[in-house]
Amino acid sequence: MSFCSNVKSEMCRAPISKFCCAVAEAYGVLLFCNTFTPTGLRIVTESKDFAQRLPKLFKRAFGIEFDQRPEGERGKQVFAVDQPEKLKKIYDAFGLELTTVSLHVNLGVLEEECCRISFLRGAFMAGGSVTDPEKRYHLELATSHQRVSREVYALLMEQGFFPKDTVRGGNSILYFKQSDYIEDVLTALGAPVCAMQIMEAKVEKDLRNGVNRRVNCETANLGKAVDAAQEQLAAIRRLEADGRYAELPDKLRKTAELRKENPEATLLELAQMQDPPLTKSAINHRMRKIMELSRL
């Protein structure tokens with residue numbers, strides 16, 4: 001199962017008990033499903049758990065059964081209602097007329113806090129998706145009703161969530177890209193276990209990124225040390241070729257000998273090899289002097 005399927009599966013474990021919340025959740029489903037018009041409604045889902053929840057939800061909210069239900073349990077599951085008396089009962093529940101052209105969110109149905117959360121849960125299960133946090137952070141709600149999207153945007157803001165919005169393929173999209181917001185949304189809608197998985201994925205990513213940064217830094221520093229050592233050896237060879245190597249002061253010549261014997265050693269390691277040991281600053285000063293002399 002995908003991460004999104006797991007999220008919807010966890011949300012579907014929320015009990016369908018309170019009548020007002022059942023109506024609110026069904027409202028969210030209808031405003032974000034595939035088709036909801038005065039002539040019929042159609043809900044398509046690939047979530048097995050959501051497909052099992054829908055008949056119970058509509059029975060509790062409206063006292064009706066679907067006119068069309070899936071024949072199997074694989075692939076896309078299609079639910080539909082086309083009987084006028086059933087559609088009227090649904091529209092009446094939301095204070096809508098069957099002649100309504102533009103749908104909107106009737107906040108009178110969502111007066112209680114629990115109903116607002118149930119509404120958003122239904123909206124997510126019908127028109128929502130969330131990306132596997134191992135890949136990236138992205139949660140979105142998509143509806144073909146622009147007015148509904150604007151009103152749900154305001155509702156999310158009131159709940160303390162701060163979505164962004166866009167239009168894609170004729171649908172209005174509300175989305176989140178920050179992991180913290182996605183965690184909060186999933187927790188509120190009834191998927192705290194999946195929210196915790198996002199937190200864990202984030203910690204693992206941060207840990208991996210930290211390790212990679214340290215490795216890259218160490219690799220870069222090692223590369224610089226190797227390049228510096230090669231320049232120092234080249235300076236020593238120039239002094240030898242010019243016959244000036246033997247004329248170096250004892251301290252510089254001893255340092256040059258250590259560099260030739262330990263071409264991969266860092267300056268700090270060379271400093272510790274001196275007798276007596278020197279500081280890194282002192283050995284660096286000697287190396288700079290050797291390189292200056294080689295350029296004369």
Side-chain angles (χ1 to χ4, degrees), residues 1-16 21 24-25 28-29 32 45-53 110 113-143 149 152-169 171-226 266 268:
M1 291 178 66
S2 68
F3 180 74
C4 187
S5 296
N6 290 336
V7 169
K8 293 185 178 182
S9 177
E10 187 177 359
M11 287 184 184
C12 285
R13 297 186 196 125
I16 305 173
C21 290
E25 184 176 318
V29 169
F32 282 79
T45 181
E46 294 184 357
S47 169
K48 180 180 177 181
D49 296 281
F50 182 40
Q52 293 175 345
R53 184 180 180 85
L110 310 176
E113 176 73 12
C114 58
C115 294
R116 295 191 188 98
I117 294 300
S118 295
F119 172 83
L120 293 172
R121 183 190 304 119
F124 179 81
M125 289 195 290
S129 63
V130 60
T131 304
D132 188 335
E134 293 290 341
K135 298 176 181 177
R136 62 191 177 103
Y137 305 121
H138 185 88
L139 181 150
E140 69 177 40
L141 294 170
T143 178
S149 187
V152 172
Y153 179 95
L155 180 61
L156 285 166
M157 294 285 283
E158 289 176 5
Q159 296 301 121
F161 308 127
F162 303 95
K164 295 183 179 180
D165 63 298
T166 187
V167 176
R168 187 196 315 130
N171 286 328
S172 295
I173 311 292
L174 301 176
Y175 66 94
F176 300 89
K177 284 188 173 296
Q178 291 180 274
S179 61
D180 293 347
Y181 286 159
I182 297 174
E183 292 163 13
D184 291 343
V185 170
L186 295 187
T187 299
L189 300 191
V193 174
C194 289
M196 185 62 71
Q197 291 176 13
I198 295 178
M199 297 179 199
E200 292 172 352
K202 184 179 179 181
V203 170
E204 290 178 4
K205 281 184 182 179
D206 290 344
L207 181 61
R208 285 198 298 268
N209 290 338
V211 171
N212 288 338
R213 281 194 295 271
R214 286 195 296 272
V215 170
N216 291 338
C217 183
E218 291 173 1
T219 300
N221 289 338
L222 181 60
K224 290 178 182 178
V226 170
T266 64
L268 180 59

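Index from 1, following the sequence. Computed from a predicted structure; not experimentally measured.
Contact check for S47 versus S5: no side-chain heavy atoms found under the 4.5 Å cut-off. Within the 4.5 Å cutoff, the side chain of I182 has no heavy atoms near those of the Q178 side chain. Using a 4.5 Å heavy-atom cutoff, the side chains of L186 and I198 are in contact.
Distance check: E10 CD to D49 CG gives 11.0 Å after rounding to the nearest 0.5 Å. Within the model, atoms CD of E46 and NZ of K8 stand 9.0 Å from one another, a figure rounded to the nearest 0.5 Å. With values rounded to the nearest 0.5 angstrom, Y153 atom OH is found 8.5 Å from L174 atom CG. S118 contributes atom OG, which lies 9.0 Å from atom CG of L110 (distance to the nearest 0.5 angstrom). Note: L120 CG to M11 CE = 9.5 Å, rounded to the nearest 0.5 Å. Rounding to the nearest 0.5 Å places OG of S172 at 11.5 Å from CG of L141.
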Could you tabulate the donor-acceptor pairs under 3.5 Å formed by side-chain atoms of residues 122-139, not counting sequence neighbours?
from, atom 1, to, atom 2, distance (Å)
D132, OD1, E134, N, 2.9
H138, ND1, K177, NZ, 3.0
H138, NE2, E140, OE1, 2.8

Q) Should F161 and D184 be marked as a side-chain contact (heavy atoms from CB on, under 4.5 Å) after you check the CA-CA gap, both sets of side-chain angles, and the distance that decides it? A) CA-CA 8 Å; F161 308 127; D184 291 343; 3.8 Å; yes
Q: Go through F119 and E25 one step at a time and tell me if the side-chain contact (heavy atoms from CB on, under 4.5 Å) criterion holds.
A: CA-CA 4 Å; F119 172 83; E25 184 176 318; over 6 Å; no
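Summarising the geometry of Y181 relative to F176, their closest heavy-atom pair is CB-CD2, 3.7 Å, with the distance given to 0.1 Å. L189 approaches R121 most closely through the heavy-atom pair O-NE, 3.0 Å. Across all their heavy atoms, A24 and C115 have their closest contact at CB-O, 3.2 Å. For the pair P163 and L156, the tightest heavy-atom approach, listed with the atom from each and the gap, is CG-CD1, 3.9 Å.
Not a single donor-acceptor pair under 3.5 Å links the side chain of E183 to the backbone N or O of M196. In this structure, R53 contributes its side chain and S9 its backbone to no donor-acceptor pair below 3.5 Å.
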